[in-house]
Amino acid sequence: MDQQDVADLIESELPEAQVTVSRPRGVEDDDHLAAEVVSPAFEGKSLVEQHELVYDALGEHMTTDIHALELSTYTPEQYDG
């Protein structure tokens with residue numbers, strides 16, 4: 001799955017999110033990705049809940065197209081500060 005496709009899926013479910021998807025250093029597999037997601041939807045949510053929102057946005061792609069996802073999530077306040 002293309003990195004931009006992953007970002008688009010996340011942004012479609014978390015409309016105000018800023019998403020950056022890349023391949024982790026030293027990884028050459030297309031199914032291992034890293035995503036940094038900044039969203040106001042994460043306000044008041046635990047880290048586990050934040051990650052669940054992203055996984056829900058990716059849906060079935062997490063089992064069919066993406067083998068591993070290194071995920072970093074932030075609220076806008078956390079990211080700016």
Side-chain angles (χ1 to χ4, degrees):
M1 180 169 218
D2 180 87
Q3 295 172 18
Q4 187 59 52
D5 291 339
V6 173
D8 291 345
L9 278 171
I10 297 169
E11 290 170 351
S12 72
E13 292 295 317
L14 302 170
E16 296 180 47
Q18 298 173 3
V19 182
T20 304
V21 179
S22 60
R23 186 173 290 124
R25 289 179 192 243
V27 175
E28 296 186 24
D29 298 337
D30 288 335
D31 58 354
H32 286 74
L33 299 171
E36 180 178 86
V37 184
V38 181
S39 174
F42 299 149
E43 299 278 347
K45 301 215 179 325
S46 70
L47 187 60
V48 170
E49 292 170 323
Q50 292 175 16
H51 287 202
E52 286 175 348
L53 286 173
V54 175
Y55 293 136
D56 288 347
L58 295 171
E60 66 188 44
H61 296 285
M62 280 304 300
T63 57
T64 58
D65 301 314
I66 303 168
H67 178 73
L69 180 65
E70 182 181 313
L71 189 55
S72 301
T73 56
Y74 307 93
T75 65
E77 187 176 277
Q78 291 170 324
Y79 195 71
D80 290 339

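Residue indices begin at 1 and follow the sequence shown.
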Under 6.0 Å from the CD atom of E70, do we count more than 12 heavy atoms belonging to anything else shown?
no
Is a side-chain donor or acceptor of E43 paired with a backbone partner of P40 at a separation under 3.5 angstrom?
no
Run the side chain to side chain contact (heavy atoms under 4.5 Å, CB included) test against Q18 and tell me which residues pass, sequence neighbours left out.
V38
Could you tell me which residues satisfy side chain to side chain contact (heavy atoms under 4.5 Å, CB included) with E60, sequence neighbours excluded, listed by chain and number?
none
Contacts satisfying ring pair (Phe, Tyr, Trp, His ring centres under 6.0 Å) that involve residues 7-40 (not counting sequence neighbours) are H32-H67
L58: which other cluster members, linking ILVMFWY side chains closer than 4.5 Å, directly or transitively?
M1, V6, L9, I10, L14, V19, V21, L33, V37, F42, L53, V54, Y55, M62, I66, L69, L71
For residues 1-26, which residue pairs pass the ring pair (Phe, Tyr, Trp, His ring centres under 6.0 Å) check, not counting sequence neighbours?
none
Are the side chains of Y74 and E36 in touch, meaning some heavy atoms are under 4.5 Å apart?
yes
Can you name the closest pair of heavy atoms from Q78 and T73 and give their distance?
OE1-O, 4.4 Å
Salt bridge (Lys or Arg N to Asp or Glu O under 4.0 Å) contacts touching residues 13-24 (sequence neighbours left out)
R23-D30
Minimum heavy-atom separation for A34 and P24, please, with both atom names.
N-CD, 3.8 Å
